[in-house]
Every structure is written in structure tokens, then in C-alpha cells.
A.B. asks: 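Got a structure for you, questions after.
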Amino acid sequence: MYAYNDFDEAFVRERVAQFRGQVERRIDGSLTEDEFKPLRLMNGLYLQLHAYMLRVAVPYGTLNPTQMRQLAYIADRWDKGYGHFTTRQNIQYNWPKLDDVPDMLEALADVEMHALQTSGNTIRNVTADHFAGAAADEIEDPRPVAELLRQWSTDHPEFQFLPRKFKIAVSGAKHDRAVTRAHDIGVRMVHNEAGEAGYEIIVGGGLGRTPMVGKVLRAFLPREDLLAYCEAVVSVYNLLGRRDNKYKARIKITVHENGLEKMQELVEARFEDIRKGFSGFDQELLKQIETAFAPPAYVSKSSANYEAARLANPAFRSWSDTNIAAHKAPGYAIVSISIKKHGQTPGDATSHQMRVMADLAEKYGHNELRVSHEQNVILPHVHQADLPAVYAALREADLATANIGLVSDIIACPGMDYCALATARSIPIAQDIATRFDELKIEHEIGELKIKISGCINACGHHHVGHIGILGLDRAGVENYQITLGGDGTETTTIGTRAGPGFSADDIVPAIERLVTGYLDLRENADETFLQAYRRLGMEPFKAILYPAEDKANAA
Amino acid sequence: MPRAFTPKVITANALIAGDAVWFTADNRWSPSISEAEFITDEAHADLRLLEAQARQDEIAGAYLADAKDGPNGPEATHFREEFRTRGPSNYAHGKQVEL
Ligand code: SF4
């Protein structure tokens, strides 16, 4: 993976030193909170309900074992022994003390990590397919491009005060696992008719208050034009985007208000100008970056023990059925480690678990780990022959839950247990749903089902693109949960539709249970997923399950 | 007609630890809402908020929060403010174990 050069190293250290000074001046009273707030946000430090929160960037979700161990060390030394993996492939610490944060940032810099641009109206951490470099359906590893975009966007002088935050996602595969259509810019690797590799550029996607599916701004962009083109997009947005109204400031609104055609015209014109300044240096840089992402030295060995273990151990078979994905190299597998044990907080890993995952990556995984936007951790390169050993070690650490893609593999944002912006809690709802379906023992029978929960309209929990989305709201001083159905975050991105009135905290889990067990009766056969059944049948039968007639009579 | 003034407490986050604190009648920041000054007069609330906000080297983000009078002192009325008196629901962390 990418290693910092002298420039990166000096830059990150300098920012830590600057922030140390800023924290000192805040504590001695020479900076007010109003003055300090933008400075701390530039360094990923939020003030939440019960404490500060430090959001650490994990560029395109890629970590090496040393970094993962350092994250564990930071959790133990300065936090409460755990970290929270987020839907932005980042990790958050929920309990740092202000005067410890400079030391935490220094410890991150020691392993080539930082918290820069994880907040504020800048280009945020670039996200990518968590199976990058490993997936069988991949055209090309998206991470070199993501790294190029990271370098270009970090401290980019023109883009430090954008109208609003700006998120870029990159996918290099046929299947979109990076939710590119829900980002400000989505970059998808494609081939044109001549068979040349390039990018499809999507703009104006986003969830939150006004969810929108991104639109194709350029169907095929030659590889060498990527940076100039992205710079053109962001620069057009920087001028055109609305600064008068925070809720209309994202590029999705700019595209919506001005129309795709006008955006295309403006971007193309700007691009013509900007590209002259790109003399090929970026392409040389990209070549260097690419060497850092060379595929691992795969080994070939027999997978016989894997097959034998599958036959001998039903628990291992079940785990390998759900948590393993197809790898591009023969004999290899992609392991998704579920950070969603039933009843636990989605995305929370203890320092011990982080160390176990680091050890496994080192021993069996070619030193690579990934954080997925679904709040799980991936070992992208594991030989099948090593899967039984990996499974056994994960089991020891309470990390072997066989539920990837199932009803208990829930995305949940921190919600009102931590987040200052929340209107309701999301974690306890996720915990209760997972616990309930575990009791019912039907999640494998249900099959693929994505439930996503957000604690407010900002939609960090991606509820709009959940097959079942749950949005927590404050209705007259009481927590209330709204259900959306039919959302999808893949290459067929769809914003879910609201099913009807919301449910109380007590009623939401029974409502989800009714909905999911009801789907089992509605589906054509065991292969028809919840989403497929919804697409075939539409909202009505699901609505009838959620709001049975007698309840309506009672309510009337 | 202007809306009737509902009783308030002044709350903020402590500067270093970041945890929720409440402003007391004798100008301290208490980790417990029950020690907060219970404010029933709007003009007094505005004045006290200014005084609280001036204490920049102790806290961040002071604001007025709705409260009611309970047997042991002021209590939160909204669930958000109630959570701030306790801590998160997924772990025994924060005030629910520290106080
Ligand atoms: S969706 Fe709302 S509650 Fe959840 S993390 Fe985002 S801002 Fe906070």
C-alpha cells in the first residue's frame, strides 16, 4: 500500500504541531470556542453529546496491521478501549479529552495516518470499494486513483472553503460496492467501445435531507484527464454552489437547480482551461502510486483442508457461506469480518479485536485490512487453505458472526447515543433487531437483506439506500422511527420510499419483524430477495403488513 | 401572544473532558443537572446565559435547556437532555457510572 513520502510526512507533522499550539491557546483562554471550532474541525475533532469525538481518516478504507495495532493502542491509551468504524470507512473515538488529542494525532502520524479533512466544507476522505484489488469482478484496483485524488484534494488551496462538504467515491468493479451514485462525485472505471479503460463520472448524488441519485456527467473520461476533470467539477461547484442556505449548498442541489446540461457545459469549458496546466506530472505520480499497490505475492497451495473443514464443521460452513466473497486470484478468498455480533453496537471493535484482526492480516492476509462502508472489516487476500485457521481465531475473539449481508448486518450511525445532531437513537434499535432475528433463527432463511438506520435526516446510516431504511426522528419530544422500503445502494441505486407513519421506539422492532416474516410469505421462492420481492410487488402488500387494518381501526 | 417562558437550566460541555455540565447558582459547573440553577424568569435566563458563555476557559457551547423542578432539583424534560445526564445506552460509560 501507499507509503508516505517526505512531503506527506512533513505536512502531517506540521499540522499536528499547529494543532497542538491551537489546543494550548484554547485551554489557556486565548481562543474562544467560536474561534477554535473551525480549527478543531479541520483536524477531525467534534464536540458531541457526552464528549469530544475524533474522526480519523482511513483513506479508501485501507489499513496495514501496524496501523490497526496503533488504532488499538490509541483506543487503550486515550479512549475507552474501542473504536467505531463508520459508513465513511473511517474510525471514530468517542471519548478523547481535548488535551490528549494532539498526542493522539502524533500517534497517528507515527503510522502515516491523520484526521485531516474528516470534517468541514472540504473534499473529505476519498472512499473506495472495500474489495479493491481483490474482487473477482474488478476491472482495475481503484485505490491508486483514490490515492491520487487524496493527494490532490488534501489541503488543495482552492477547495478549503467550499459551499459545503464534498465526497468522492471510486469503484473499479462491475458491481458498485462504493455507493458511487450517492456521492458528490462518483468515479467508476469503465471501458469504452474501443476497449480502452477510462472513467464514468457521476455527479450530484447524495443522501441526507434531499436524497438524490447521481447523474452521469461524462460517460467516458480518458484516464489521464481524471484530475483536471475533477478539478473542473469542483471549481464550477465552488462558484455556482449556494452559500446562502446550508440545506441547498451541496452539489446535488447545484446540479438539480442548474440542470445537468448546464453543468456539463460549464464543466467542459472549465476543463478545457484547466487541462492545459496538467502537463503529465499527475500521470507520472500515478505510475509511482500504482507500484505501491502492486498485487501481493500470491501463493499456490492445496485448498483440500478448506473443503474438508466445510464438510466437518457446520458452523464454519455457515460462516464461509456468508462471509466469503470471490477473489480474483485462484485459491484465494475475500473474508468479511462481521463487526455486527448480534446485540453489539454495529461497527464497534475493541482494541483486542483490532489486534486480532491485525495479527490475522499479518499471518494470513498479505498485510492488508479494509474498512467497509457497511462497518465491517475485510481481509482482502486470504488463501482458502488458511480459512479454517482464520475462522478459529476470529471465533476466539468473538468476531466470527456469520451474518454478512443478512438482516443483522445492520448499518447504524451513532445516533443520539453520541451524536449532537441526532433526533433519535439508532444503536439500540439495531441491537434489538439483530437480537430478535437471532432468537427467531431465521436470518439465513431470509437471505440477503440490508437494513440501514440513521438517527437524523443527515443519513449517515444510509437509510435511504437500505432495502429497509429506518430514520429516527423527534416527534413532539418522543423518539419516532420512519420506515422506507426499496432503497438500493449498488449500481442500480434507488432511494427508498416512505412506507407510512412512523413507529414508536417500542413498536419499531415488532414492525420490522412483521415486515420481514411477511416477506417470507410473499416471496415467490427462497431465491427471491426482499428487494426483488418489493420490486415485483410494489409497496402495497408491504404496507398492508406494516399497518394491519385493525390497527387503523383503533387509531381512527 | 408571546409564548410563555418555560423553566430552564444552563448547560454546556466541559472544556477539557467534553462531558455535559450545568451552571449552578453559585457560578460553578456541575456534572449533575440536579445542582443546576433552576431559572424561571426569562430576563434572568438571558443574563445568566451571557455570564455562562463568558466562562470560555471552562466550557464550550453553553445554551438554555428546558427543565422541570423535581424532588432532588432540576430535571431534564426532553429525552436528548435526559441522555446527556446519563451517557450512551449501548455501554455503561459516562455519567451513569462516573457520578
Ligand atoms: S445521521 Fe444524524 S444522528 Fe446519525 S451520525 Fe449522522 S448526523 Fe448524527
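In what follows, chains carry the letters A, B, and so on, assigned in the order in which the sequence lines appear, proteins first and then strands, with residues in each chain numbered from 1. Just the heavy atoms: all of them, side chains too, but no hydrogens, waters or symmetry mates, feed the values below.
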A.B. asks: Quick check: closest heavy atoms across B/Gln56 and A/Glu33, and the distance to 0.1 Å?
C.D. replies: OE1-N, 2.8 Å
A.B. asks: By a 4.5 Å heavy-atom criterion (distance strictly below it), what part of A/Leu47 contacts chain B: side chain, backbone, both, or neither?
C.D. replies: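 Contact with chain B involves the side chain of A/Leu47 alone.
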A.B. asks: At a heavy-atom separation under 4.5 Å, does A/Val101 approach chain B through its side chain, its backbone, both, or neither?
C.D. replies: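 For A/Val101, there is no contact with chain B at all, as no heavy atom is under 4.5 Å.
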A.B. asks: Taking heavy atoms only and a threshold strictly under 4.5 Å, list by residue number the residues of residues 67-85 of chain B that touch chain A; give 'none' if the list is empty.
C.D. replies: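 B/His78, B/Phe79, B/Arg80, B/Phe83, B/Arg84, listed by number.
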A.B. asks: Name the orientation class of the two ring planes belonging to A/Tyr82 and B/Tyr91 (parallel below 30°, tilted from 30 to 60°, perpendicular beyond 60°).
C.D. replies: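 Correct class here is tilted.
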A.B. asks: Which region of A/Ala420, side chain (C-beta onward) or backbone (N, CA, C, O), has a non-hydrogen atom less than 4.5 Å from a non-hydrogen atom of chain B, or is it both or neither?
C.D. replies: both
A.B. asks: Relative to chain B, which segment of A/Ser30 carries a heavy atom at a distance below 4.5 Å: side chain, backbone, both, or neither?
C.D. replies: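 Neither part.
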A.B. asks: Can you name the closest pair of heavy atoms from A/Gly29 and B/Asp57 and give their distance?
C.D. replies: CA-CB, 4.2 Å
A.B. asks: Name, in order of residue number, those residues of residues 7-42 of chain B that have a heavy atom at a distance of less than 4.5 Å from a heavy atom in chain A; otherwise write 'none'.
C.D. replies: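 If one takes a 4.5 Å heavy-atom cut-off, the residues of residues 7-42 of chain B near chain A are B/Asn13, B/Ala14, B/Leu15, B/Ile16, B/Ala17, B/Gly18, B/Asp19, B/Ala20.
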A.B. asks: Using heavy-atom distances under 4.5 Å, tell me whether A/Glu479 contacts chain B through its side chain, its backbone, both, or neither.
C.D. replies: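 For A/Glu479, heavy atoms of backbone and side chain both lie under 4.5 Å from chain B.
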A.B. asks: Go through the atoms of A/Ile427 and report whether side chain, backbone, both or neither lie under 4.5 Å from a heavy atom of chain B.
C.D. replies: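 When you check distances to chain B, only side chain atoms of A/Ile427 fall under 4.5 Å.
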A.B. asks: Heavy-atom pairs under 4.5 Å with chain A: which of B/Gly94, B/Gly61, B/Gly87 has the most?
C.D. replies: B/Gly87
A.B. asks: Would you give the length of the straight line joining atom CZ of B/Arg86 to atom CG of A/Asp417, rounded to the nearest 0.5 angstrom?
C.D. replies: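 B/Arg86 CZ to A/Asp417 CG: 9.0 Å, rounded to 0.5 Å.
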A.B. asks: Measuring from atom CD of B/Gln53 to atom CG of A/Asp34, what distance do you get when rounded to the nearest 0.5 angstrom?
C.D. replies: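 One gets 9.0 Å once the value is rounded to the nearest 0.5 Å.
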A.B. asks: As an exercise, state the distance from CD of A/Gln431 to OG of B/Ser89, rounded to the nearest 0.5 Å.
C.D. replies: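 Here the interatomic distance stands at 7.0 Å.
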A.B. asks: Measure A/Pro414 against the heavy atoms of chain B and call it side chain, backbone, both or neither at under 4.5 Å.
C.D. replies: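 Looking at A/Pro414, nothing touches chain B.
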A.B. asks: Given A/His50 and B/Lys95, is the side-chain contact (heavy atoms from CB on, under 4.5 Å) satisfied, shown in steps?
C.D. replies: CA-CA 9 Å; A/His50 314 294; B/Lys95 296 192 189 302; over 6 Å; no
